[in-house]
Amino acid sequence: MLAKAPRGTRDILPGEVEEWSTLETFFRNLCKNYNYREIRTPIFEHTELFSRSVGEDTDIVGKEMYTFLDKGKRSLTLRPEGTASTVRAFLEHKMYAQAQPTKLFYFGPMFRYDRPQAGRYRQFHQLGAEAFGSASPEIDAEIICLAMDFFQSAGLNQLSLEINSVGCPQCRPGYREEIRKILEKNRRDLCPDCQSRFETNPLRILDCKIEGCREVTLQVPEILDHLCSYCVQHFEDVINFLKLLEISYQVNPKLVRGLDYYTNTAFEIVDTGLGSQNSLGGGGRYDGLVETCGGSATPGVGFAIGLERVLLSLEQQSSQLEYTEESRIFVATLGPSASARGLQLVTELRRNGIAAEKDYQDRSLKAQMKQADRVGAAKVLILGEEELEKGKIVLRDMEKGDQREVELEEILQILKNDL
RNA sequence: GUGAGUGUAGCUCAGGUGGUUAGAGCACCAGAUUGUGGCUCUGGGGGCCGUGGGUUCAAGUCCCAUCACUCACCCCA
């Protein structure tokens with residue numbers, strides 16, 4: 001138990017970390033081009049921030065939050081998603097007072113208490129972006145485009161973008177009542193979850209996978225036919241901008257996201273070949289969220305992408321992220337005085353920007369050569385008592401397999417010229 | 001929260017119906033080569049057989065519980 005990471009968490013080991021930082025770099029570069037700026041918010045927040053913004057009736061708030069009391073009896077929660085914190089920071093630092101829109105991106109761990117499964121962890125990692133202060137459908141398109149460009153840069157282009165509109169406070173209540181009216185008579189045919197959804201969030205019944213519920217919902221008209229004129233226009237505009245940007249999409253009228261704050265645009269990016277947890281990312285517009293959090297009415301739109309899922313998807317299509325492995329110099333020494341001189345030498349190399357390593361266990365030359373091979377050394381410097389006396393050092397090329405003796409004093413310059 | 005499957009060496013896995021000192025391949029270390037990597041050969045170190053309890057003369061093997069992992073439901077990233 002002591003030497004075991006908690007359930008649903010895992011270590012990202014050397015060898016994997018390179019892929020993570022490569023993805024991070026892709027996203028950073030992309031965000032720079034789109035003019036989104038990085039923000040880092042705390043990993044925990046006041047519980048209320050999430051219960052109010054994500055929604056009391058959601059699964060996330062109802063059963064998946066890591067909530068605890070600190071020593072001052074404050075109720076805190078490990079963040080289950082990134083948008084709420086970003087909104088909080090937007091308000092706290094009065095970013096609304098600057099030129100709008102405010103465009104932010106983030107990267108970091110999120111926490112949800114859930115049963116672990118393929119592609120599902122209790123601590124998982126998301127990268128995401130949020131744009132505040134503009135209700136323009138152009139920025140919905142920009143956000144979706146940024147997300148799709150990220151997948152593209154990661155080498156994932158077989159993904160499907162699903163999009164829908166979930167309406168706004170003007171038209172959604174009417175639709176909600178419509179659903180209730182139609183389903184009233186079939187209420188007892190619904191699964192237990194949907195029976196309570198009937199009260200709390202009837203829209204989510206449409207998204208239920210249970211066969212019985214699906215049948216019943218066939219008679220419910222699509223939300224897209226019940227949107228108010230503003231929402232219809234907004235949705236059409238977003239779709240047209242996607243076409244303009246040559247982003248292919250699939251309208252999914254049943255797409256309802258699990259967070260309450262979405263208005264108008266809702267979208268999800270799925271990899272159909274991935275198994276059960278096939279959503280790589282999602283997002284949408286949340287024009288009421290800033291107000292819910294105590295600010296003045298400010299529109300917003302954003303997305304989040306799960307890094308574990310992206311990596312899984314890459315693995316699935318057996319493509320690897322390219323990253324350059326740093327080659328280094330290995331200094332092999334024989335005897336205590338050569339070893340000491342070797343320590344001096346690796347340090348000198350390192351301080352001159354050359355990656356260098358040596359053996360610290362007084363091992364045989366053979367063992368040191370083997371180690372040099374393993375760390376991927378392109379060149380090995382061999383320094384024994386003989387060389388030390390002559391003021392020389394052996395420079396061996398590991399790929400060619402040949403070697404020559406050079407002046408010890410000149411070795412730094414020789415290696416520098418080589419690079 | 002519900003269901004199913006799996007826990008043996010660092011890794012991948014063998015260990016018919018219970019029966020002596022629990023094995024292999026890979027990896028690791030060393031030697032063959034007293035100062036030279038990859039290939040080969042030889043040898044070596046490594047195991048609370050997930051944990052706890054039970055049945056039995058005897059449990060890695062059977063039973064129960066528990067924990068963990070995996071997959072699915074649910075939900076989502």
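Here is how names work: the chains are called A, B, and so on, in the same order as the sequence lines, proteins then strands, and each is numbered from 1.
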NA contact type, A:E64, heavy-atom cut-off 4.0 Å: base, sugar-phosphate, or nothing? sugar-phosphate

Remember a base hit wins even if backbone is also touched, and classify A:Q403 as base, sugar-phosphate or nothing at under 4.0 Å, heavy atoms. base

Which part of the nucleic acid does A:A118 contact within heavy-atom distance under 4.0 Å: base, sugar-phosphate only, or nothing? sugar-phosphate

Base, sugar-phosphate alone, or nothing: which one does A:G8 contact when heavy atoms must sit under 4.0 Å apart? sugar-phosphate

Can you tell whether the side chains of A:E357 and A:R350 come within less than 4.0 Å, N to carboxylate O? yes

Strictly by Watson-Crick or wobble contacts shorter than 3.5 Å, is anything paired with B:A72, and which nucleotide is it? B:U2

Taking B:A4, B:C29, B:C74 as options, the one with an atom nearest any side-chain atom of A:K370 is B:C29

Of the candidates B:A32, B:C29, B:C75, the side chain of A:D114 sits closest to B:C75

What does A:I60 touch in the nucleic acid at a heavy-atom separation under 4.0 angstrom: a base, only the sugar-phosphate, or nothing? nothing

Of A:R374 and A:Q371, the one whose nearest nucleotide on RNA chain B sits closer to the 5' end is A:R374

For A:L307, report the nucleic acid contact type (base, sugar-phosphate, nothing); a contact means any heavy atom under 4.0 Å. nothing

Does A:R112 place a side-chain N or O at less than 4.0 Å from the phosphate oxygens OP1/OP2 of B:C74? no

With a 4.0 Å cut-off on heavy atoms, is A:R204 in touch with a base, just the backbone sugar-phosphate, or nothing at all? sugar-phosphate

Do A:Q117 side-chain and B:C74 base share a donor-acceptor contact under 3.5 Å? yes

Can you find a pair of side-chain heavy atoms, one from A:R40 and one from A:S85, that are under 4.5 Å apart? no

Heavy-atom donor-acceptor pair, A:R10 side-chain to B:C69 base, under 3.5 Å: no

What does the list of N/O pairs under 3.5 Å between the protein and nucleotides 48-52 of chain B look like, with a distance for each?
none

Does B:G35 have OP1 or OP2 sitting under 4.0 Å from an N or O in the side chain of A:S364? no

Could you go through A:R10 and A:F124, starting from their C-alpha distance and side-chain angles, then the distance that decides it, and tell me whether this counts as side-chain contact (heavy atoms from CB on, under 4.5 Å)? CA-CA 9 Å; A:R10 66 184 198 110; A:F124 59 101; over 6 Å; no

Do the ring planes of A:H125 and A:W20 sit parallel (below 30°), tilted (30 to 60°) or perpendicular (above 60°)? perpendicular

Could you tell me which residues satisfy ring pair (Phe, Tyr, Trp, His ring centres under 6.0 Å) with A:Y113, sequence neighbours excluded, listed by chain and number? A:Y66

Is the shortest distance from a Lys or Arg side-chain nitrogen in A:E48 or A:R74 to a carboxylate oxygen in the other one below 4.0 Å? no

Counting the atoms with a prime plus P, OP1 and OP2 as sugar-phosphate, which does A:Q123 contact under 4.0 Å by heavy atoms, base, sugar-phosphate, or nothing? nothing

Please work out if A:N278 contacts a base, only the sugar-phosphate, or nothing of the nucleic acid, heavy-atom cut-off 4.0 Å. base

Watson-Crick/G-U partner (both atom distances under 3.5 Å) of B:G7: B:C67

Is A:R363 near enough to B:C29 that one of its side-chain N or O atoms lies under 4.0 angstrom from OP1 or OP2? yes

Within the 6.0 Å centroid threshold, strictly below: A:F105 and A:F27: yes

